[in-house]
Amino acid sequence: MTEPAATRFILLIAVSGGCIGEIVPGSAASSDPMPGAGGSNGSGPTAQLPAPIPSECRAGPIEGGPAPVRRLTREEYDNTVRDLLGDATRPAVRFQDDAALGGFHNNATSPVSSQAMARDYLGAAEDLARVAKLDAILPCKPSATAEAVCARQFLDLFGKKAWRRPLVDAEREGLVAIFLGSRARGNDFDESIRIVIATLLQAPSFLNHVERGAGAAAGASATALTPYELASRLSYLIWRSMPDAALFAAADAGQLSTPDDVEMQARRLLADRDRSRSALMSFYEQWLSLGALTSSEFADNKGKVAGFTADLGASLRNETRSFVDAVIWGGDGQVQTLLSARFSFVNAAVARLYRLPGVSGTHMRRVELPATERAGLLTQPGFLGAPGGTLTDGLTTDPIHRGLWVRQRLLCQDIPPPAGDLLDMVKPPPNNPNLTTGQRYMRMLDDGLCAGCHRLINPIGVGMENYDGMGQYRTREGSLPIDATGEVVDFDASTPRVPFKGLVDLADRLAGSPHVRDCVARQWLAFGTGAFDLGGATCNAKRLVGDFAARGGNLRDIVLSVVRNDAFRYRTPISRESCQ
């Protein structure tokens, strides 16, 4: 596809200004600028009391959530073109890595802002258009219908699917003008339709989640998302792809206006077990940063360890995926079980790390693990070897990032990284053959420069020192005995410190905490909406944890709590002036 109209169109995305061109985080966006057109498991959980919803949050003004313009993630792009065009070639492999926000893939801070990115999207759009099976997506035959009429019928159907909303008249006529201009230059009907497809696939409304909202009265604190925006939010949360025909029909009929409407559609999407389980696993993969396990950096760093195999990272990722699947969809679905279960899944490569004899092959099988050495996600080698996606070699542990992950992802307490001059001044403790790693890292608490933040992190990570850089259990570091005594200070508002002896003890204490359960719920709210108030200060966060607890704290149902939440169904309104 080399038509100049299509090329000019993608360049508009890359270099134009304003809310769409720059894709300003937190902003709404005007309609796409169109060429020629105007406008626009342990033994089971113990009882945990539901978190009470404060009286001021039971009624009162609706709080909207953030709705920045976000590029499709690579997973979302691939799934969308699969469902839109039947193309399963996964073209997004050529795109740059997804940006992370709050620990989850969220491209709100990474717009199409360079010519290189624009060329990648241009190339993918042209390749997809070139091989598109027109017989499967055209609703008419040009031999039986006037060509311009057929093109409009195509845009009303295909354009709506591609942009996840009906096209307005100016947009449709702008695209028809591209089609007619191509015909005037001598291209046949099929080639001209392919140019239109390539143009659609480069548009901001295809490449991004654009949520303008239905409009709010002056001074209102929130505006409802439109039915089509809600349909898109639902499908990308539960299927990581575009809405299906039934969701579009519900949006057409205005049947996504109440929490019950939205929950009914969410239950329908969840009933497609293959699609929903695969897509919702994305939360756990991103929450645990499992992608690091299959990176080239993981293989390079861990390859320094004798016995390391190239497929180990993938096996560790599969272990955690299998474990999560067993707890969430095959077990009780409780946060407590995720953190305290004494079983996991191994193949030969993973079994070697657990020192389990008699395991062969690549198939993952369930095994019971020593109750004094292993407890849930935190004692799995995939977490211990790459906490929060941070990689060390297989010999070195990482108390800071191990502790930081617990603080941020299980306690929802953000600790910003050192910046400016402080970043240059804070150094890891020097090697000392007479001290264990844990002893060296605890000495950072004697440094007034470091102590303020590291008192919140290091004592947690030091309590994990019975596990080496590959996640293997140990009691000595070289010739030195390991002291895995740790503590969590400032655990929550009512608990100044939680001492523990070793990671299994820590995991059990975290597993039994309503505060941790509520934090995991808030992580889901961040994943589903981009509302990163993980401290839980907003009424939306408080209502979410209350609804989640009222449903029994079952992670199979957490999506239902998210989609009913005002942060999912409303957005904070934005003034037109902020787009200038």
Side-chain angles (χ1 to χ4, degrees), residues 284-285 287-327 338-406 409-410 437 460-461 463-477 482 484 502-504 506-507 510:
Y284 297 98
E285 292 217 317
W287 182 51
L288 295 162
S289 301
L290 297 186
L293 299 176
T294 50
S295 67
S296 59
E297 291 86 356
F298 180 86
D300 290 344
N301 290 345
K302 304 302 181 181
K304 300 171 184 177
V305 175
F308 176 86
T309 58
D311 66 345
L312 180 59
S315 294
L316 294 176
R317 187 172 184 171
N318 287 336
E319 176 196 6
T320 300
R321 287 174 58 93
S322 300
F323 174 77
V324 168
D325 186 86
V327 172
L338 279 178
L339 296 176
S340 65
R342 265 53 171 187
F343 70 88
S344 194
F345 291 79
V346 304
N347 60 13
V350 179
R352 281 194 291 272
L353 294 181
Y354 285 116
R355 300 186 178 95
L356 294 176
V359 179
S360 61
T362 59
H363 175 71
M364 307 301 297
R365 74 186 210 192
R366 177 168 168 156
V367 295
E368 300 301 316
L369 298 172
T372 58
E373 295 181 9
R374 302 288 174 173
L377 289 171
L378 297 187
T379 61
Q380 292 181 357
F383 166 75
L384 292 162
T390 303
L391 300 172
T392 66
D393 62 40
L395 305 174
T396 307
T397 58
D398 191 347
I400 289 178
H401 286 95
R402 286 176 172 181
L404 186 63
W405 190 92
V406 171
R409 303 296 183 92
L410 289 179
T437 299
I460 302 175
M464 304 183 188
E465 277 296 295
N466 278 137
Y467 304 83
D468 67 16
M470 296 294 291
Q472 297 183 102
Y473 186 79
R474 63 183 184 173
T475 59
R476 305 184 72 83
E477 183 179 345
I482 291 173
L503 182 49
V504 169
L506 172 62
L510 293 170

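Everything quoted here is computed from the prediction, not taken from an experiment.
- Here the side chain of R366 pairs no donor or acceptor atom with the backbone of F343 at under 3.5 angstrom.
- Here the side chain of N347 pairs a donor or acceptor atom with the backbone of V350 at under 3.5 angstrom.
- Counting heavy atoms from C-beta outward, T390 and L404 have side chains that stay 4.5 Å or more apart.
- By the 4.5 Å heavy-atom criterion applied to side chains, T437 and E465 are counted as neighbours.
- Nearest heavy atom pair, residue R402 against residue P387, reads CG-CG, 3.7 Å.
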Do T379 and L369 pass the side-chain contact (heavy atoms from CB on, under 4.5 Å) test, and can you show the C-alpha distance, the side-chain angles, and the key distance before you say yes or no? CA-CA 11 Å; T379 61; L369 298 172; 5.9 Å; no

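- The CZ atom of F308 sits 8.5 Å away from atom CG of D300, with the distance rounded to the nearest 0.5 Å.
- A donor-acceptor pair is defined here as one N or O able to donate and one able to accept, closer than 3.5 Å; no such pair exists between the side chain of K302 and the backbone of L391.
- When every heavy atom of L293 is checked against every heavy atom of A386, the shortest pair comes out as CD2-CB, 3.9 Å.
- Not a single donor-acceptor pair under 3.5 Å links the side chain of R317 to the backbone N or O of G382.
- At a threshold of 4.5 Å between non-hydrogen side-chain atoms, the residues N466 and L503 do not count as touching.
- Counting heavy atoms from C-beta on, the side chains of Q380 and S344 come closer than 4.5 Å.
- The distance from atom CE of M464 to atom CD1 of I482, rounded to the nearest 0.5 Å, is 14.0 Å.
- Scanning both residues, S315 and A349, for their nearest heavy atoms gives OG-CB, 4.2 Å.
- Looking at E319, R374, Q472, E373 one by one, the single match for side chain to side chain donor-acceptor pair (under 3.5 Å) with Y354 turns out to be E319.
- A pairwise comparison of heavy atoms in F298 and G313 identifies CE2-CA, 3.6 Å as the closest pair.
- Aromatic ring orientation, Y473 versus Y467: perpendicular (interplanar angle above 60°, classes split at 30° and 60°).
- A351 and V346 get closest at one heavy-atom pair: N-CB, 4.0 Å.
- Remark: the backbone N or O of T396 is paired with a side-chain donor or acceptor of D393 at under 3.5 angstrom.
- The structure places CE of M364 at 9.5 Å from OG1 of T362, a figure rounded to the nearest 0.5 Å.
- A 4.5 Å side-chain heavy-atom check between M470 and L312 finds at least one atom pair inside the cut-off.
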In sequence, state the C-alpha distance, the side-chain angles, and the governing distance for W287 and V324, and then conclude on side-chain contact (heavy atoms from CB on, under 4.5 Å). CA-CA 12 Å; W287 182 51; V324 168; over 6 Å; no

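- With a 4.5 Å cut-off on side-chain heavy atoms, L290 and L316 do not count as touching.
- To the nearest 0.5 Å, the span separating OG1 on T320 from OH on Y284 amounts to 13.0 Å.
- For the pair L384/T397, no side-chain contact is recorded, criterion being any heavy-atom separation below 4.5 Å from C-beta on.
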Working note: L395 + D468, criterion side-chain contact (heavy atoms from CB on, under 4.5 Å); need CA distance, chi angles, decisive distance, verdict. CA-CA 7 Å; L395 305 174; D468 67 16; over 6 Å; no

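- To the nearest 0.5 Å, the span separating CG on D311 from OG1 on T294 amounts to 12.0 Å.
- The minimum heavy-atom distance linking R365 with G358 is given by the pair NH2-O, 3.9 Å.
- Here the straight-line distance linking atom CG of L338 with atom CG of L288 works out to 8.5 Å at 0.5 Å rounding.
- The shortest distance between side-chain heavy atoms of T392 and H401 does not fall below 4.5 Å.
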